[in-house]
Amino acid sequence: MQFSTRKPSVVQASATQPATKPANQSAPAVQQESGFETLSQNEKLMFAQFRRKINLDASRAQVKKLEYNLCDPSNGLSALKSACADASALGLGGVCVMPAFVKACSAILGAQQTRKCRLIACIGHPSGSDVTAIKVKAVKRAIKDGADEVEVTVPVAHIRDGNFSYVKRELKKLHSACKKSALRIDTECALLTRKEIIRVCALAAECGVNSVKARSNTLSGGSSTEIFADIKTAVKDKCTIKAEGAATVMEMSGAIDMGASVIGSKNAADVARTILAAAEMEI
């Protein structure tokens, strides 16, 4: 029997097995275009503007969590006027002032129905040593003068003495004095033990307090994380949590991660500008 010496053609070979590509020849490129690449120049511009708006909206929501701490005793009326103007322009959540300046700051910020940031009166700062009756009068006066909220420091000495019945009575009277205005208590964490902080926060939730404030020098530290976790457990979602002392965007972010929904800061204006500038740059 004789075998043919003619080499099979490519077509013949393909009948039994797939044809292999030569090593030096690549497969035809499949043109893949993303949705963005197929947009017109005008559509790309509109998309960029939309993305920028989303970034700005998200940044403004973060800025709204900031409260400007203006309770430094050296802050006079001229400094407060400038700070209130900054707070309104930047869209901060609020400004915190001492009772003596509530009326003036209320006039600067404008009518409560239209003002761009809340006015918070800080009463009993920093030790909460005034008797309850004085605090109650101060709360009523601050609300009359135009405060949207009041932040009252807990009676630290009574807490250290273990007199929680006094603390509970005070919280109830303060809550009653606020009527429709929001009440926040300043726990002054630096002056209390972990056990005392937990007990006070639990009482606050029980007495209808809207928010509790935790003060800490290092918001990203382990001890702060534990305190915030304790507070969250104690209030059982009945109170929001304010973290006081964030000086940078990173510290603000750390406080939010720990469960704070409001951030108090003496550097609130600078932190807000940093957040908004970053959003403007990102396209």
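Excluded from the calculations below are hydrogen atoms, water molecules and symmetry mates; all remaining heavy atoms, backbone and side chain alike, are included.
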message: I'd like to check L90 versus R273 (side-chain heavy atoms, cut-off strictly below 4.5 Å). Are they in contact?
response: yes
Worked verdict on K179 versus K140 for side chain to side chain contact (heavy atoms under 4.5 Å, CB included): CA-CA 9 Å; K179 295 183 178 180; K140 292 179 178 179; over 6 Å; no
task: Kindly give the heavy-atom pair with the smallest separation between V102 and A147, and that separation in Å.
output: CG1-N, 3.8 Å
Joint hydrophobic cluster, I120 plus M98, side-chain heavy atoms closer than 4.5 Å: no
query: Between T187 and A214, which heavy-atom pair has the shortest distance, and what is it?
result: OG1-CA, 3.8 Å
- request: Run the numbers on K232 and D237 for salt bridge (charged side-chain N to carboxylate O under 4.0 Å, His left out), then give the verdict.
  value: CA-CA 7 Å; K232 287 178 67 177; D237 295 325; over 6 Å; no
message: Quick check for you: to the nearest 0.5 Å, what is the distance between E188 atom CD and T153 atom OG1?
response: 5.5 Å
query: So, for V167 and P155, which heavy atoms are closest and what is the spacing to 0.1 Å?
result: CG2-CG, 4.0 Å
- prompt: Are any of the side-chain heavy atoms of K65 and M252 separated by less than 4.5 Å?
  reply: yes
query: Are V156 and V200 connected in the hydrophobic side-chain network, where two residues link if heavy atoms are under 4.5 Å apart?
result: yes
- request: Could you tell me whether the side chain of N75 and the main chain of L70 form a donor-acceptor pair under 3.5 Å?
  value: yes
- prompt: Can you tell me how far the NZ atom of K238 sits from the SG atom of C207, to the nearest 0.5 Å?
  reply: 10.5 Å
Modelled atom types, side-chain donor and acceptor of E196 and T193, under 3.5 Å: yes
message: With a 4.5 Å cut-off on side-chain heavy atoms, are L276 and R60 touching?
response: yes
- request: Would you tell me whether T240 and R184 have side-chain atoms, one donor and one acceptor, within less than 3.5 Å of each other?
  value: no
- prompt: Counting N and O atoms only, with roles assigned by atom type, does the side chain of S88 sit under 3.5 Å from a partner on the main chain of C84, one being a donor and the other an acceptor?
  reply: yes
task: Go through the steps for S59 and D57 under the test side-chain hydrogen bond (donor to acceptor under 3.5 Å, both in side chains), then give the verdict.
output: CA-CA 5 Å; S59 296; D57 287 346; over 6 Å; no
field: Shortest non-hydrogen contact from N210 toward S181
entry: OD1-O, 4.3 Å
query: Given the rule that I, L, V, M, F, W and Y join up when any side-chain heavy atoms are under 4.5 Å apart, are V262 and L183 in one cluster?
result: no
task: State, without any angle test, whether S74 and D72 hold a side-chain donor-acceptor pair at a distance under 3.5 Å.
output: yes
query: From Q62 CD over to I263 CD1, what is the distance, rounded to the nearest 0.5 angstrom?
result: 9.0 Å
- prompt: Where do C189 and I227 come nearest, in terms of heavy atoms and distance?
  reply: SG-CG2, 4.0 Å
Test side chain to side chain contact (heavy atoms under 4.5 Å, CB included) applied to D186 and V152, step by step: CA-CA 6 Å; D186 183 353; V152 187; over 6 Å; no
- prompt: Should Y166 and I185 be counted in the same cluster of Ile, Leu, Val, Met, Phe, Trp and Tyr side chains packed under 4.5 Å apart?
  reply: no
task: Return the minimal non-hydrogen interatomic distance between C201 and I231, and the atom names on each side.
output: SG-CG1, 3.8 Å
- request: Answer with yes or no whether the hydrophobic clustering places I123 together with I134; edges join I, L, V, M, F, W, Y residues whose side-chain heavy atoms lie under 4.5 Å apart.
  value: no
task: Check the pair R115 / D148 against side chain to side chain contact (heavy atoms under 4.5 Å, CB included), numbers first and verdict last.
output: CA-CA 10 Å; R115 64 180 53 158; D148 299 294; 2.8 Å; yes
- prompt: Distance from I275 atom CD1 to L56 atom CG, nearest 0.5 Å?
  reply: 12.0 Å
query: Roughly how far, to the nearest 0.5 Å, is the CD1 atom of I241 from the CD1 atom of I256?
result: 12.5 Å
- request: Check step by step if salt bridge (charged side-chain N to carboxylate O under 4.0 Å, His left out) holds for E170 and K168.
  value: CA-CA 5 Å; E170 178 167 294; K168 185 174 182 178; over 6 Å; no
task: Begin with the C-alpha distance, continue with both residues' side-chain angles, and end with the deciding distance and a verdict on side chain to side chain contact (heavy atoms under 4.5 Å, CB included) for C178 and V150.
output: CA-CA 8 Å; C178 283; V150 291; 3.3 Å; yes
field: Spatial distance of atom SG (C96) from atom NZ (K266) [nearest 0.5 Å]
entry: 12.0 Å
query: Crowded around R118 CZ? As in, over 12 foreign heavy atoms under 6.0 Å?
result: yes
message: Any non-hydrogen side-chain atom of L192 less than 4.5 Å from a side-chain atom of R160?
response: yes
- prompt: Any side-chain heavy-atom pair from V95 and L119 closer than 4.5 angstrom?
  reply: yes
